[in-house]
Amino acid sequence: VQLQASGGGLVQPGESMTLSCTISRFSSSYYAIAWFRQAPGKQREAVSCINTETNSTYYVDSVKGRFTISRDNNKNTVYLQMNTLKLEDTAVYYCAARSWLVSPAFSWWALWEYDYWGQGTQVTVSS
């Protein structure tokens, strides 16, 4: 099982970027897939999550209205569309997958809720 994150790079403030997370085993094998990010000197934080059973989506407040998570089952890929990027969005972005059922107490923002992680892709927003 592998998660491969890609699509990072350097953009200017206000621009857009789409990250991709390709998963070697997909669909019913995973019940939630999330994006996290980690800026230098900061803790890893959750950005967004999609529940693959219900298609419910979750976002941290700082990206609501700017980022959109989606998935393409045919391509075994989850995307993070990032619009109106800000300097503070600069970080290494990781995708993560959960291979067991989502419970009512699911804390989508918590690292321990996921058991598979990708290697990360750098996103730099700079003028």
Side-chain angles (χ1 to χ4, degrees):
V1 175
Q2 289 185 329
L3 282 72
Q4 180 75 36
S6 62
L10 173 64
V11 295
Q12 294 187 342
E15 293 186 339
S16 299
M17 176 182 287
T18 300
L19 304 182
S20 300
C21 176
T22 302
I23 306 170
S24 61
R25 243 177 35 188
F26 198 60
S27 187
S28 60
S29 299
Y30 299 99
Y31 296 92
I33 299 169
W35 286 97
F36 286 75
R37 66 185 179 187
Q38 188 166 18
K42 295 188 177 181
Q43 291 186 336
R44 191 171 299 189
E45 67 165 351
V47 176
S48 182
C49 171
I50 184 166
N51 181 321
T52 60
E53 286 193 298
T54 66
N55 275 330
S56 298
T57 58
Y58 310 90
Y59 299 93
V60 67
D61 285 347
S62 60
V63 308
K64 282 181 180 177
R66 299 190 297 123
F67 290 12
T68 302
I69 191 170
S70 63
R71 63 178 180 147
D72 184 335
N73 287 348
N74 292 329
K75 296 183 179 180
N76 293 352
T77 301
V78 170
Y79 301 99
L80 186 67
Q81 172 68 42
M82 306 185 293
N83 297 328
T84 319
L85 283 161
K86 302 178 180 180
L87 297 175
E88 53 265 39
D89 294 318
T90 295
V92 177
Y93 283 70
Y94 301 88
C95 57
R98 174 187 174 98
S99 64
W100 71 98
L101 283 170
V102 172
S103 71
F106 178 51
S107 301
W108 74 270
W109 60 88
L111 278 72
W112 61 82
E113 296 280 13
Y114 306 92
D115 50 343
Y116 293 103
W117 291 82
Q119 85 291 356
T121 184
Q122 176 71 48
V123 173
T124 303
V125 184
S126 175
S127 55

Review point. Shortest non-hydrogen contact from Asp72 to Asn74?
Key: OD1-N, 3.0 Å
Point to revise | Closest non-hydrogen atom pair, Arg37 against Ser62 | key: NH2-OG, 3.4 Å
Practice item. Would you confirm whether Tyr114, through its side chain, and Trp108, through its main-chain N or O, come within 3.5 Å as a donor-acceptor pair? Key: yes
**Study point:** Side chain Glu113, main chain Ala110, donor-acceptor under 3.5 Å
**Key:** no
Review point. Any donor-acceptor pair under 3.5 Å linking the side chain of Arg66 with the backbone of Thr84?
Key: yes
Review point. With a 4.5 Å limit on heavy-atom distance, are the side chains of Trp35 and Cys21 in contact?
Key: yes
Point to revise | Check: Ser70 and Tyr79 side chains under 4.5 Å, non-hydrogen atoms | key: yes
Practice item. Apply side chain to side chain contact (heavy atoms under 4.5 Å, CB included) to Ile69 and Val78, showing your working. Key: CA-CA 7 Å; Ile69 191 170; Val78 170; 3.8 Å; yes
Review point. Leu101, Tyr58: one ILVMFWY side-chain cluster at the under-4.5 Å cut-off?
Key: yes
Exercise for review: May I ask you to test the Gln4-Gln119 pair for a side-chain heavy-atom distance under 4.5 Å?
Suggested key: yes
Study note, to complete from the structure: Taken to the nearest 0.5 Å, the spacing of Cys95 SG from Leu19 CG works out to 9.0 Å
**Study point:** Glu88 CD to Lys42 NZ distance, which is reported to the nearest 0.5 Å
**Key:** 8.5 Å
Review point. For Thr90 and Val125, which heavy atoms make the closest approach, and how far apart are they?
Key: OG1-N, 2.8 Å
Practice item. Output yes when a side-chain donor or acceptor of Thr52 lies under 3.5 Å from a complementary backbone atom of Tyr30, and no otherwise. Key: yes
Exercise for review: Return the minimal non-hydrogen interatomic distance between Leu87 and Pro13, and the atom names on each side.
Suggested key: CD2-CG, 3.8 Å
Review point. Is it true that atom CD of Gln43 has more than 12 heavy atoms of other residues, nucleotides or ligands lying nearer than 6.0 Å?
Key: no
Point to revise | Heavy-atom pair with the smallest gap, counting every atom of Leu10 and Ser126 | key: CD1-CB, 4.0 Å
Check your understanding: Between Arg71 and Ile23, is any pair of side-chain heavy atoms under 4.5 Å apart?
Key -> no
Revision key, fill the gap. One should read off an interatomic distance between Tyr93 OH and Met82 CE, to the nearest 0.5 angstrom, of 5.5 Å
Practice item. For the residue pair Thr22 and Lys75, establish whether any side-chain heavy-atom pair is separated by less than 4.5 Å. Key: no
Check your understanding: So Val11 and Thr124, side chain to side chain contact (heavy atoms under 4.5 Å, CB included) or not? Walk me through it.
Key -> CA-CA 6 Å; Val11 295; Thr124 303; over 6 Å; no
Point to revise | Minimum heavy-atom distance Val123-Gly8, with the two atoms named | key: CG2-CA, 4.1 Å
Exercise for review: Without swapping roles, check the side chain of Ser20 against the backbone of Gly7 for a donor-acceptor pair under 3.5 Å.
Suggested key: no
Exercise for review: Considering only NZ, NE, NH1 and NH2 on the basic side and carboxylate oxygens on the acidic side, decide whether Asp89 and Lys86 come within less than 4.0 Å.
Suggested key: no
Point to revise | Flag, side chain of Ser24 to backbone of Gln2, donor-acceptor distance under 3.5 Å | key: yes
Exercise for review: Check whether any side-chain heavy atom of Thr18 sits under 4.5 Å from a side-chain heavy atom of Leu80, and report yes or no.
Suggested key: no
Review point. Is there a donor in the side chain of Asn83 and an acceptor in the side chain of Ser16, or the other way round, less than 3.5 Å apart?
Key: yes
Review point. If we only count heavy atoms from C-beta on, is the Cys49 to Tyr59 side-chain gap below 4.5 Å?
Key: no
Study note, to complete from the structure: Per ring-ring contact (aromatic ring centres under 6.0 Å, His included), Phe36 is matched among Trp109, Trp117, Trp112, Tyr94 by Trp117
Exercise for review: For side chain to side chain donor-acceptor pair (under 3.5 Å), just list the numbers for Ser99 and Asp115, CA-CA rounded to whole Å, side-chain angles, deciding distance to a tenth of an Å, and then say yes or no.
Suggested key: CA-CA 7 Å; Ser99 64; Asp115 50 343; 2.4 Å; yes
Practice item. Kindly indicate whether the side chain of Ile33, heavy atoms from C-beta on, has any atom under 4.5 Å from the side chain of Arg98. Key: no
